[in-house]
Amino acid sequence: MDLRALRYFVAVYECGSISAAARRCFIAQPSISAAIAQLETTLDSPLFSRHAKGVHATEAGEQLYPLANRLLGDAQAIVSLFNQQRERLPFRLGLIRSLGAERVSRLLKDLSSSTEGLELTLVQPEEPCDARIISSAYLQSSEVFQPLWRDRYLLALPSGHPLSLKNELYLSDFDGIDFIYRSPCEAVNVLDSSLSRLGIRLKIRARIQTVEYALGLVGAGVGAALVPEIPQLMQRDDLTLREISDIDLARTIGLAWDKQADPNNATRAIIDICQQQWRERSP
């Protein structure tokens with residue numbers, strides 16, 4: 001079985017469209033389509049069904065995906081085993097908290113696939129690093145910034161909370177509600193300042209750092225929390241999400257690197273990946 005065709009299949013499965021997979025693999029769409037068609041002929045099963053916005057995996061596609069990942073991983077392990085003496089490329093990437101593990105993992109997977117000999121180390125964004133993924137609020141004057149994701153903030157409410165009955169929330173609705181304070185978070189700081197100007201003080205029930213813990217406490221009924229709208233974190237049935245209508249709370253996440261530094265191969269690769277993903281999400 002053609003490993004290249006399997007790599008293209010995995011890209012289409014994860015991207016949800018042939019055009020996005022082509023951009024991710026740096027190859028023309030017809031080559032992706034031909035590889036998928038070849039796989040479908042070999043397996044005598046359709047792997048994707050097409051719809052207006054892209055493709056969905058069929059039952060056969062769902063069965064193939066974990067097997068393809070395992071086979072590609074084994075192939076990479078074999079190559080690594082016999083090329084242990086090849087030149088390594090150390091790359092330190094700083095990450096802020098609460099980015100969403102799934103989308104960061106996909107980004108790092110693309111980086112590893114496109115950079116030969118990558119030796120990746122993830123660090124805190126304040127530590128020495130080659131580049132860092134941060135909110136634009138933390139950008140330094142000495143850095144270049146490439147946007148990657150834009151997240152709006154929503155108020156997460158416990159299931160059955162009285163405010164969940166309202167379609168629109170306003171700052172005045174925060175008066176008297178139990179709140180889970182997450183820090184560091186620039187949006188929570190902006191919210192707190194805006195409420196203070198109205199004479200409203202947050203009734204803090206817990207202080208934590210990560211979005212995951214915040215959502216866990218919301219689901220447990222401890223209080224409400226302000227959280228970024230990251231799709232992989234929002235798929236819960238034990239809470240309700242509402243937008244705050246009279247304040248614009250959002251953040252732009254992107255890649256930052258020293259404008260004076262000479263980018264190495266890994267830095268150039270992740271810049272290209274971030275540019276592609278930002279273009280795909282831009283109107």
Side-chain angles (χ1 to χ4, degrees), residues 16 53 95-107 125 133-139 145 147-255 274 277-278 280-283:
K53 295 184 179 180
L95 297 175
I96 62 172
R97 295 177 180 271
S98 303
L99 290 175
E102 183 173 335
R103 64 181 182 179
V104 171
S105 296
R106 289 188 178 183
L107 177 72
I133 297 178
I134 58 172
S135 164
S136 58
Y138 303 126
L139 182 67
F145 186 75
L148 178 57
W149 304 304
R150 181 164 175 79
D151 303 326
R152 63 174 182 161
Y153 283 84
L154 303 174
L155 187 66
L157 297 161
S159 180
H161 193 282
L163 290 181
S164 65
L165 299 176
K166 301 182 64 172
N167 292 326
E168 294 183 343
L169 298 183
Y170 298 90
L171 291 173
S172 57
D173 292 314
F174 282 81
D175 193 13
I177 70 169
D178 294 329
F179 190 78
I180 299 162
Y181 199 99
R182 190 169 53 84
S183 178
C185 176
E186 63 268 27
V188 171
N189 294 337
V190 171
L191 173 66
D192 199 6
S193 297
S194 299
L195 291 173
S196 294
R197 287 194 292 270
L198 297 175
I200 300 173
R201 298 189 62 181
L202 290 171
K203 185 179 177 183
I204 299 174
R205 292 291 308 278
R207 295 180 182 271
I208 59 171
Q209 293 184 334
T210 67
V211 173
E212 290 82 1
Y213 278 127
L215 292 174
L217 290 176
V218 173
V222 175
L226 193 67
V227 296
E229 189 182 22
I230 301 173
Q232 294 78 18
L233 298 177
M234 302 292 103
Q235 298 169 358
R236 302 178 57 132
D237 56 8
D238 56 350
L239 50 82
T240 301
L241 299 168
R242 289 291 183 267
E243 189 172 356
I244 308 167
S245 298
D246 52 350
I247 188 172
D248 182 21
L249 296 173
R251 68 177 181 178
T252 299
I253 300 296
L255 181 75
C274 291
Q277 292 201 16
W278 180 253
E280 290 172 7
R281 292 175 175 83
S282 298

Rounded distance [0.5 Å steps], [atom1] in [X] versus [atom2] in [Y]:
X: Leu169; Y: Ile247; atom1: CG; atom2: CD1; answer: 12.5 Å
X: Arg251; Y: Arg150; atom1: CZ; atom2: CZ; answer: 11.0 Å
X: Leu191; Y: Phe179; atom1: CG; atom2: CZ; answer: 5.5 Å
X: Leu95; Y: Ile253; atom1: CG; atom2: CD1; answer: 10.5 Å
X: Ile230; Y: Trp149; atom1: CD1; atom2: CH2; answer: 8.5 Å
X: His161; Y: Lys166; atom1: NE2; atom2: NZ; answer: 11.5 Å

Exercise for the section: Could you give me the CA-CA distance, side-chain angles and deciding distance for Leu171 and Leu195, then say whether side chain to side chain contact (heavy atoms under 4.5 Å, CB included) is met? Expected result: CA-CA 7 Å; Leu171 291 173; Leu195 291 173; 3.9 Å; yes
Problem - Residues in side chain to side chain contact (heavy atoms under 4.5 Å, CB included) contact with Arg201, at least two apart in sequence or another chain - result: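 By the side chain to side chain contact (heavy atoms under 4.5 Å, CB included) rule, Arg201 matches no residue at all.
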Problem - Set of residues satisfying side chain to side chain contact (heavy atoms under 4.5 Å, CB included) with respect to Ser136, sequence neighbours excluded - result: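 Ser136 satisfies side chain to side chain contact (heavy atoms under 4.5 Å, CB included) with Phe145, Thr252 only.
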Practice task
Evaluate the side-chain proximity of Glu229 to Asp151: yes if any heavy-atom separation is below 4.5 Å, no if none is.
Solution key: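 No. Closest side-chain heavy atoms not under 4.5 Å.
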Exercise for the section: Would you mind reporting whether Val218 and Val227 have side-chain heavy atoms less than 4.5 Å apart? Expected result: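 Of all side-chain heavy-atom pairs linking Val218 with Val227, none is under 4.5 Å.
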Exercise for the section: Verify side chain to side chain contact (heavy atoms under 4.5 Å, CB included) between Ile244 and Asp173, making sure each step is shown before the conclusion. Expected result: CA-CA 9 Å; Ile244 308 167; Asp173 292 314; over 6 Å; no
Between [X] and [Y] (side chain of the first, backbone of the second, donor and acceptor by atom type, cut-off under 3.5 Å), is there such a pair?
X: Arg242; Y: Ser164; answer: yes
X: Asp192; Y: Leu202; answer: no
X: Thr210; Y: Tyr213; answer: yes
X: Asp175; Y: Ser172; answer: no

Handout entry: Check against side chain to side chain contact (heavy atoms under 4.5 Å, CB included), Gln277 and Leu148
Key = CA-CA 6 Å; Gln277 292 201 16; Leu148 178 57; 3.8 Å; yes
Measure across [X] and [Y] and return the closest heavy-atom pair with its distance rounded to 0.1 Å.
X: Tyr153; Y: Pro228; value: CD2-N, 3.6 Å
X: Pro184; Y: Tyr138; value: CB-OH, 4.1 Å
X: Cys274; Y: Leu255; value: SG-CB, 3.9 Å
X: Leu215; Y: Ala156; value: CD2-CB, 4.1 Å
X: Pro125; Y: Ile96; value: CG-CG2, 3.7 Å
X: Ala224; Y: Leu157; value: CB-CD2, 3.7 Å

Exercise for the section: Evaluate the side chain to side chain contact (heavy atoms under 4.5 Å, CB included) criterion for residues Val104 and Ile133: first the C-alpha distance (whole Å), next the side-chain angles of each, then the deciding distance (0.1 Å), finally the verdict. Expected result: CA-CA 10 Å; Val104 171; Ile133 297 178; 5.6 Å; no
